[in-house]
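A short worksheet on the structure shown next.
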There are 2 protein chains.
Amino acid sequence: MTILRTPLADGSARGIPDATVARLPVYLRALNALTEQGVSTCSSNDLAENAGVNPAKLRKDLSYLGSYGTRGVGYDVEYLRYQIAREIGQTQDWDVVIVGVGNLGSALSAYQGFSTRGIRVAALVDADPKRVGTTISGITVSSLDDLPAIVEERAISIGIIATPGTAAQEVADRLVAAGVTSILNFAPALVQVPDGVDVRKVDLSIELQILAYHEQRKAGNDKVVGA
Amino acid sequence: MTILRTPLADGSARGIPDATVARLPVYLRALNALTEQGVSTCSSNDLAENAGVNPAKLRKDLSYLGSYGTRGVGYDVEYLRYQIAREIGQTQDWDVVIVGVGNLGSALSAYQGFSTRGIRVAALVDADPKRVGTTISGITVSSLDDLPAIVEERAISIGIIATPGTAAQEVADRLVAAGVTSILNFAPALVQVPDGVDVRKVDLSIELQILAYHEQRKAGNDKVVGA
DNA sequence: CGGATTTTGTTAACGCGTTCACAAACTCTT
DNA sequence: AAGAGTTTGTGAACGCGTTAACAAAATCCG
Ligand SMILES: NC(=O)c1ccc[n+]([C@@H]2O[C@H](COP(=O)([O-])OP(=O)(O)OC[C@H]3O[C@@H](n4cnc5c(N)ncnc54)[C@H](O)[C@@H]3O)[C@@H](O)[C@H]2O)c1
Ligand SMILES: NC(=O)c1ccc[n+]([C@@H]2O[C@H](COP(=O)([O-])OP(=O)(O)OC[C@H]3O[C@@H](n4cnc5c(N)ncnc54)[C@H](O)[C@@H]3O)[C@@H](O)[C@H]2O)c1
């Protein structure tokens, strides 16, 4: 009974696959683009093309959320947009703290694109006394010691590490101690965190190294497969 | 005959799985760390721990490259480091061009960490006349019109898009026309490229949105599905 | 030398994600 | 109202990546 819209009968955790979660923001952006074009209804083909994915994959992904389309018709753009936004928590804004406001941290602080995705840079923290107290993109840089107070006061659950790799583990420890339970790590270092804390790592060097690998393979195409 | 070290008997393309390619740079860094610690030999367990992966996965990955370990002993750190570096093309430096030197492009230009990974930022390009001619991190910013000459002269095969999303497709077209065959795209936009050109996309907003999704799930554990 | 020990390289099972293909459900037309 | 046309939602097949398990190969030691 009371099976409102939970795929799982027991009503508890209905896990959406990681791969799907990673694509939902892409669909959201595609839906926004359609709205701007004045489109109010779309088929899975339309949306899939805008999002750059296979239509079957799109429908499969959406099926994890529920059944928000109409057979023979398609999806109501605005309705679907809202449902996805609700599912991934974009009906509210998420405050994040950036630790380390060097080159990368400053660029992230200045980025306007986060706000339309439900992300708000709420605080900046740095260990360098010369940076503490300065203002970057309208936010005053705080000391690392103030981290617990900041996290508590603004109810921050997401932290970004943009310090050198050598400081990454210490910063992660302090973030966790302060109450942060999700971390985006830009430093080229492995960080250990307790259970219940999520860590995602972005390594821009590796992205380029992967491209370089493929370039090397392309360059080696002078190989003739003949006998 | 002459089966020197190619797993495939016919000696032609031996494809290393994408997932493995993406981890090879991680192993490389772990090996460098071990070298700095004065370690000259290590087991798959040691290395796997340093790299943050399952030992079985590590051995499986390395097996795609060849058989560079010694049973009962382990791997020679320096030898394995060289073999991986050669495999992913890190015995040479790869010149890259960054298009769009705003906040993010400037941060990337200033990053010292690329050089130790075989990546060299060789040129900066921007469409804004006010930026062209200025010097960022020791490199003079060129005009978009000079892209073909730059790519040709420096034999650049990798380009980075750090422009607004609206310009991404046009920049990609120009990069490809200039001869670039690998693109790292930071703009939140889909870019279409011809066959033979690789594109990787880094979307920092999505990384944060994924974390926000999991945060919401953690927070939403008080959900009662009752009637 | 031979057996115990260590550790690799590889095979096989498993799980997750992608894709196909189609019945179910809706609209439109006559 | 019935049949033709659309499009969704999903079951099933497939492929890729991960993990466990083990035989093969090396060292160590008595
Ligand atoms: N800049 C890039 O484009 C780029 C690219 C790839 C990776 N990264 C990585 O991102 C991280 C930041 O890069 P960056 O170029 O901005 O470096 P940066 O040196 O410009 O800035 C680092 C900042 O961290 C601060 N810091 C140092 N230790 C700290 C600590 N314990 N607590 C708080 N703050 C501390 C420093 O004061 C400084 O402001 C590095 O790990 C780098 O490897 C950067
Ligand atoms: N800054 C960040 O932290 C951040 C985070 C996530 C994503 N991004 C994305 O990265 C890209 C760059 O971000 P940013 O903050 O550096 O933007 P920015 O506005 O600071 O810089 C953009 C630069 O691109 C140049 N440009 C514009 N059109 C161009 C064209 N056709 N050819 C060449 N250059 C052109 C501009 O002159 C400017 O210098 C954007 O797509 C943004 O969405 C940035």
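Just so it is clear: chains get the letters A, B, ... in the order the sequence lines come, proteins before strands, and each one is counted from 1. Computed from a predicted model, the values in this text were never measured in an experiment.
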After noting the C-alpha distance and the side-chain angles of Ile210(B) and His214(B), does the key distance pass the side chain to side chain contact (heavy atoms under 4.5 Å, CB included) rule?
CA-CA 7 Å; Ile210(B) 292 172; His214(B) 289 295; 3.9 Å; yes

Between [X] ([atom1]) and [N] ([atom2]), how many Å, whole number?
{"X": "Asn54(B)", "N": "dA21(D)", "atom1": "CG", "atom2": "C1'", "answer": "12 Å"}
{"X": "Tyr64(A)", "N": "dG11(D)", "atom1": "OH", "atom2": "C1'", "answer": "12 Å"}
{"X": "Lys57(B)", "N": "dT18(D)", "atom1": "NZ", "atom2": "P", "answer": "4 Å"}
{"X": "Asn45(B)", "N": "dT19(D)", "atom1": "CG", "atom2": "C1'", "answer": "14 Å"}
{"X": "Arg59(B)", "N": "dT18(D)", "atom1": "CZ", "atom2": "P", "answer": "15 Å"}
{"X": "Leu62(A)", "N": "dT10(D)", "atom1": "CG", "atom2": "P", "answer": "11 Å"}
{"X": "Gln83(A)", "N": "dG9(D)", "atom1": "CD", "atom2": "C1'", "answer": "16 Å"}

Pick the nucleotide of DNA chain C nearest each of Ala56(A) and Ser67(B); which residue has the one closer to the 5' end?
Ser67(B)

Considering only heavy atoms of chain A and a distance under 4.0 Å, specify the first and last nucleotide of DNA chain C in 5' to 3' order that meet this criterion.
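Span of nucleotides near chain A: dG17(C) to dT27(C).
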
Determine whether a donor-acceptor pair (N or O, by modelled atom type, separation under 3.5 Å) exists between the side chain of Gln112(B) and the backbone of Ala110(B).
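Judged by distance alone, yes, a pair lies under 3.5 Å.
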
Go through it in stages, so that I can follow the logic: the residues are Tyr79(A) and Tyr82(A), the test is ring-ring contact (aromatic ring centres under 6.0 Å, His included), and I'd like the CA-CA distance, side-chain angles, deciding distance and then a yes or no.
CA-CA 5 Å; Tyr79(A) 180 60; Tyr82(A) 173 74; 7.8 Å; no

Could you list the protein-to-nucleotides 24-28 of chain D atom pairs, N/O on both sides, closer than 3.5 Å?
residue	atom	partner	partner atom	Å
dA24(D)	N3	Arg71(B)	NH1	2.8

OP1 or OP2 of dT7(D) less than 4.0 angstrom from a side-chain nitrogen or oxygen of Tyr68(A), does that happen here?
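No, outside the criterion.
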
What I'd like to find out is whether the side chain of Leu184(B) reaches to under 4.5 Å of the side chain of Leu208(A), using heavy atoms alone.
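They are in contact (side-chain heavy atoms under 4.5 Å apart), so the answer is yes.
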
Find out whether Leu62(A) and Leu80(A) are in side-chain contact, i.e. whether some heavy atom of one side chain is under 4.5 Å from a heavy atom of the other.
yes

Counting only heavy atoms not in Gln169(A) (residues, nucleotides, ligands), do more than 12 fall under 6.0 Å from its CD?
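Yes - once you tally the heavy atoms of other residues, nucleotides and ligands closer than 6.0 Å, there are more than 12.
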
Atom CD1 of Ile84(B) and atom OH of Tyr68(B): how far apart are they, to the nearest 0.5 Å?
9.5 Å

If you round to the nearest 0.5 Å, how far is CG of Leu175(A) from CD1 of Ile156(A)?
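Answer rounded to 0.5 Å: 9.5 Å.
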
Can you name the side chain to side chain donor-acceptor pair (under 3.5 Å) partners of Thr181(A), sequence neighbours left out?
Glu215(B)

